[in-house]
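See below for the structure under consideration.
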There are 4 protein chains.
Amino acid sequence: MDSESREYPGGKKRIIIEAAAKVFSKKGFHKAKIEEIAKEAGIGKGTIYEYFTSKEELFKEMLSSISREYIRVLDFSSHPSAVEQIKEILKQHFNFMGMNKDLARLIIANQNALNGEIRQWFLEQTLEKIYVIEGVLEKGRAAGEFKEDLNVYIAARIIFGSVMALSGAIVHENLSYEGEALVQDLMDLLLNGFNKNNGSVQCG
Amino acid sequence: MDSESREYPGGKKRIIIEAAAKVFSKKGFHKAKIEEIAKEAGIGKGTIYEYFTSKEELFKEMLSSISREYIRVLDFSSHPSAVEQIKEILKQHFNFMGMNKDLARLIIANQNALNGEIRQWFLEQTLEKIYVIEGVLEKGRAAGEFKEDLNVYIAARIIFGSVMALSGAIVHENLSYEGEALVQDLMDLLLNGFNKNNGSVQCG
Amino acid sequence: MDSESREYPGGKKRIIIEAAAKVFSKKGFHKAKIEEIAKEAGIGKGTIYEYFTSKEELFKEMLSSISREYIRVLDFSSHPSAVEQIKEILKQHFNFMGMNKDLARLIIANQNALNGEIRQWFLEQTLEKIYVIEGVLEKGRAAGEFKEDLNVYIAARIIFGSVMALSGAIVHENLSYEGEALVQDLMDLLLNGFNKNNGSVQCG
Amino acid sequence: MDSESREYPGGKKRIIIEAAAKVFSKKGFHKAKIEEIAKEAGIGKGTIYEYFTSKEELFKEMLSSISREYIRVLDFSSHPSAVEQIKEILKQHFNFMGMNKDLARLIIANQNALNGEIRQWFLEQTLEKIYVIEGVLEKGRAAGEFKEDLNVYIAARIIFGSVMALSGAIVHENLSYEGEALVQDLMDLLLNGFNKNNGSVQCG
DNA sequence: CATGAATGAGCGTTCATTCAT
DNA sequence: CATGAATGAACGCTCATTCAT
């Protein structure tokens with residue numbers, strides 16, 4: 001409860017993670033130097049090793065932290081229907097991506113990059129997010145919002161993949177994500193498909 | 001006309017690229033060592049530099065080579081409708097991914113990874129593939145196969161993203177891709193959406 | 001104030017430069033290995049790069065350091081006449097060369113060797129020394145010590161060249177430089193020339 | 001006596017040496033590549049090793065060859081007096097240096113550079129030239145052209161050093177060497193010294 | 001706890017030399 | 001003799017990690 005921790009809730013660890021996020025985002029995992037992170041954090045190089053055992057661990061903890069924050073932001077439970085929840089997820093996601101392009105790049109870039117242990121770990125993070133979507137879809141299906149025979153496994157991956165590809169467009173091609181147009185269009189395509197005579201067109 | 005050249009059409013360069021594909025797939029760009037690639041190719045380290053000016057160039061040439069092979073496989077032009085063409089793309093894609101899991105991992109893994117120049121280059125490769133899909137969609141839309149107001153930009157990215165996410169499932173979660181079930185389900189969802197009353201359910 | 005800093009004023013940098021001087025002298029620029037310099041200095045290879053950005057920089061800084069020391073030794077301004085000043089320069093120079101044969105070898109050896117940037121730099125170092133001599137000669141000429149029409153440009157290069165050639169004799173042929181005999185003889189030849197009837201022989 | 005050897009007296013070896021001279025002059029010993037020399041000579045890399053056992057040997061043979069040519073050029077024996085002979089040596093030397101700046105640079109640059117065995121060898125080449133000068137001086141002294149007590153050892157090195165320093169000025173500072181002015185001035189200073197009242201001023 | 005000087009394993013790249021053809 | 005594809009020893013430099021203070 002000293003003044004330090006009041007200034008920086010979470011203490012040095014928080015400071016380091018924020019500096020790491022900034023540097024890793026800008027440089028990527030391999031080109032980011034521990035020294036630069038330390039400088040960005042305004043501390044000594046050795047201090048980082050008081051809180052993290054290695055560069056990899058720092059990277060992973062930073063991503064966990066971001067994910068946690070990201071998930072925390074993804075507060076969708078208050079919405080009544082699965083469709084609305086998914087809409088909310090997409091909306092929040094694109095907003096997050098658009099407002100944190102560097103972090104977004106980092107998340108997209110490391111979708112499956114990196115080696116060995118860390119790759120596995122990352123995969124699990126990704127799956128976790130997919131499972132959330134699967135959960136929402138399953139509930140929606142059970143509630144009769146979707147086809148009875150909806151393959152939630154595939155559907156969840158369609159959503160996740162679409163979101164990632166469009167996020168890539170946002171950060172790499174500067175696709176505008178503002179307003180709800182993007183989400184609206186995406187949702188319409190996901191719900192009603194590419195075919196004519198679907199969606200708004202109802203049978204007499 | 002010696003047995004060597006018969007065994008390895010394309011000569012040493014081909015051997016090196018194949019060894020590089022194997023090692024890069026297993027280790028990723030940064031952890032892959034030139035020496036290991038050389039050993040894998042059964043040649044001396046220096047020989048690689050007779051054919052490629054740098055590790056980066058080797059990496060890029062290898063990916064180009066794979067892409068070329070991959071695109072070559074993607075022969076879909078003979079199919080009549082856009083829907084059939086896309087189905088064919090997906091089918092061939094998943095087959096390719098399932099049969100070349102290491103290469104698949106490499107393509108997925110490097111979707112957006114890597115830094116600077118090489119990342120830019122990779123991005124362009126990816127966009128190229130998306131543009132192919134966009135082209136097919138546009139033609140299909142013009143031919144009246146899809147909604148008149150289909151946003152091909154978003155639709156292409158939905159397809160690309162879905163494909164990548166499901167490819168990830170194939171290589172990382174061992175999702176079975178055999179038969180046409182996966183493609184059928186995916187296509188159904190893409191064309192008709194998640195909603196009930198779409199697709200197979202026809203208006204009286 | 002620990003014993004370390006007392007032992008090595010100037011710190012690690014000084015230690016490294018001294019080790020570098022030793023190794024570069026013995027092996028020359030290209031055959032000298034950074035690792036050997038580090039070992040000679042009793043430190044780790046990486047430490048050198050904490051103080052110098054590259055092998056070239058280390059080489060140049062070492063030569064600068066030697067030159068500085070050498071120039072510092074060349075304190076001749078207190079002598080009244082140009083002739084005395086030049087005598088003093090020569091005396092000090094030969095003493096320095098004789099007492100630091102390794103360094104001498106290095107200075108002579110690299111008179112014009114090395115490529116590109118570093119050669120240019122070395123050239124400038126050499127010219128600087130020649131300009132000092134030119135300056136002394138010009139003052140002496142103005143003061144009436146020499147021929148009125150003395151070509152100081154050529155004269156300075158005669159002195160510099162003679163000194164280098166004789167320094168080479170000292171380090172390579174073990175020419176004795178002790179006492180003032182060498183300087184005396186050299187000065188006599190420079191001032192009075194090879195001809196008979198010059199110098200001590202005065203006209204009735 | 002085949003057409004080859006008629007075209008190139010001395011055969012391939014001569015061609016290689018000439019190519020080596022060109023490349024070594026331009027790049028220096030270390031930056032010169034055997035491959036480039038081979039290309040310059042219009043032959044295969046391996047062929048060089050049919051005539052020379054190593055890069056070092058090629059370098060030494062090339063220098064020997066140049067020196068031989070250079071000495072051959074230095075035909076001064078027909079001149080009557082030692083002074084005239086030395087004048088002739090200087091004249092020819094500066095002409096040679098001025099007309100072959102690249103080779104000149106090479107000769108000057110490698111005065112004492114290079115390591116170990118090759119350095120020793122180079123030293124001997126240099127001494128050989130100095131001994132020629134010493135010989136001329138000694139004869140001149142005996143013939144009464146110079147001071148009776150002329151220290152030919154030092155005098156020879158003064159000449160050699162002066163010549164090298166001025167050659168450096170020619171190739172590095174673009175000092176003009178044309179006409180006989182430079183030789184004239186140099187000789188005057190060497191023979192009569194820097195002092196006033198020497199040389200042209202004759203006793204009544 | 002905090003620091004940053006010191007470390008050295010590790011790797012991409014070069015190029016003189018060899019040798020099968 | 002001639003070749004040039006193949007080689008691998010060698011080295012400069014980086015940077016994550018350690019540890020004495």
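Residue numbers begin at 1 in each chain, while the letters A, B, ... track the order of the sequences. Just so it is clear, the structure is predicted and the values come from calculations on it, not from any experiment.
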Let me know the distance between [atom1] of [X] and [atom2] of [N], rounded to the nearest Å.
X        : N       : atom1 : atom2 : result
Lys55(B) : dT14(E) : NZ    : C1'   : 17 Å
Glu57(B) : dT13(E) : CD    : P     : 10 Å
Phe59(D) : dA16(E) : CZ    : P     : 13 Å
Lys12(C) : dT7(E)  : NZ    : C1'   : 10 Å
Ile15(C) : dT7(E)  : CD1   : P     : 10 Å
Tyr49(B) : dA16(E) : OH    : P     : 18 Å
Lys33(D) : dT13(E) : NZ    : P     : 16 Å
Phe52(B) : dG12(E) : CZ    : C1'   : 16 Å

Along DNA chain F (nearest heavy atom to each residue), the more 5'-positioned of Thr47(C) and Glu50(B):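 Per heavy-atom nearest nucleotide, the more 5' residue is Glu50(B).
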
message: Using the P atom as the point on both nucleotides, what is the distance between dC1(E) and dT21(F), in whole Å?
response: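 Result for the P pair: 22 Å, nearest Å.
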
task: Quick one: list whatever passes salt bridge (Lys or Arg N to Asp or Glu O under 4.0 Å) with Lys45(A), sequence neighbours left out.
output: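 Glu35(A).
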
Ile17(A) vs Arg14(A) side-chain heavy atoms within contact, under 4.5 Å: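 Side chain of Ile17(A) against side chain of Arg14(A), heavy atoms only: contact under 4.5 Å found.
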
query: So do Leu63(C) and Phe24(C) actually touch side chain to side chain, heavy atoms under 4.5 Å?
result: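 When only atoms from C-beta onward are counted, Leu63(C) and Phe24(C) do not touch, as no gap falls below 4.5 Å.
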
query: Salt bridge between Lys12(A) and Glu50(A), side-chain N to carboxylate O under 4.0 Å?
result: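 Judged by the 4.0 Å cut-off on N to carboxylate O distance, Lys12(A) and Glu50(A) do not form a salt bridge.
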
- request: Could you tell me whether Lys60(A) and Glu56(A) make a salt bridge, using a distance below 4.0 angstrom between a side-chain N and a carboxylate O?
  value: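 Looking at Glu56(A) together with Lys60(A), the answer is no, because their closest N to O distance does not fall below 4.0 Å.
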
- prompt: Who are the side chain to side chain donor-acceptor pair (under 3.5 Å) partners of Lys22(D), not counting sequence neighbours?
  reply: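 For Lys22(D) the side chain to side chain donor-acceptor pair (under 3.5 Å) partners, ignoring immediate neighbours, are Glu40(D).
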
Range on DNA chain F touched by chain C - first to last nucleotide, heavy-atom distance under 4.0 Å: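 Listing 5' to 3', DNA chain F meets chain C from dC11(F) to dT14(F).
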
- request: Identify, between Ala32(B) and Ile34(D), the residue whose nearest nucleotide on DNA chain E lies closer to the 5' end.
  value: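 Between the two, 5'-proximity favours Ala32(B).
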
Donor-acceptor pair, [X] side chain versus [Y] backbone, under 3.5 Å?
X        : Y        : result
Thr47(D) : Ile43(D) : no
Lys55(C) : Ala32(C) : yes
Lys31(B) : Phe29(B) : no

- request: Take Ser65(A) and Glu18(A), measure what side-chain contact (heavy atoms from CB on, under 4.5 Å) needs, and give me the verdict at the end.
  value: CA-CA 9 Å; Ser65(A) 165; Glu18(A) 273 163 20; over 6 Å; no

- request: Show your working on side-chain contact (heavy atoms from CB on, under 4.5 Å) between Tyr49(A) and Ile34(A) and close with a plain yes or no.
  value: CA-CA 10 Å; Tyr49(A) 286 86; Ile34(A) 287 288; 3.8 Å; yes

- prompt: Listed by chain and number, what are the side-chain contact (heavy atoms from CB on, under 4.5 Å) partners of Glu57(D), not counting sequence neighbours?
  reply: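 If we apply the side-chain contact (heavy atoms from CB on, under 4.5 Å) test to Glu57(D), skipping adjacent residues, the hits are Phe52(D), Thr53(D), Ser54(D), Glu61(D).
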
message: Just to be sure I follow the notation: if a pair is Watson-Crick (purine N1 to pyrimidine N3 plus N6-O4 or O6-N4) or a G-U wobble (N1-O2 and O6-N3), each under 3.5 Å, what dot-bracket string does DNA chain F give, with | for pairs to another strand?
response: .||||||||||||||||||||

- prompt: What nucleic acid atoms does Lys45(D) come within less than 4.0 Å of, heavy atoms only: base, sugar-phosphate, or nothing?
  reply: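 Here Lys45(D) touches the bases of the nucleic acid.
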
field: Residues from residues 36-44 of chain C lying under 4.0 Å of DNA chain E - heavy atoms
entry: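 Residues of residues 36-44 of chain C that come under 4.0 Å of DNA chain E are, in numerical order, Ile43(C), Gly44(C).
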
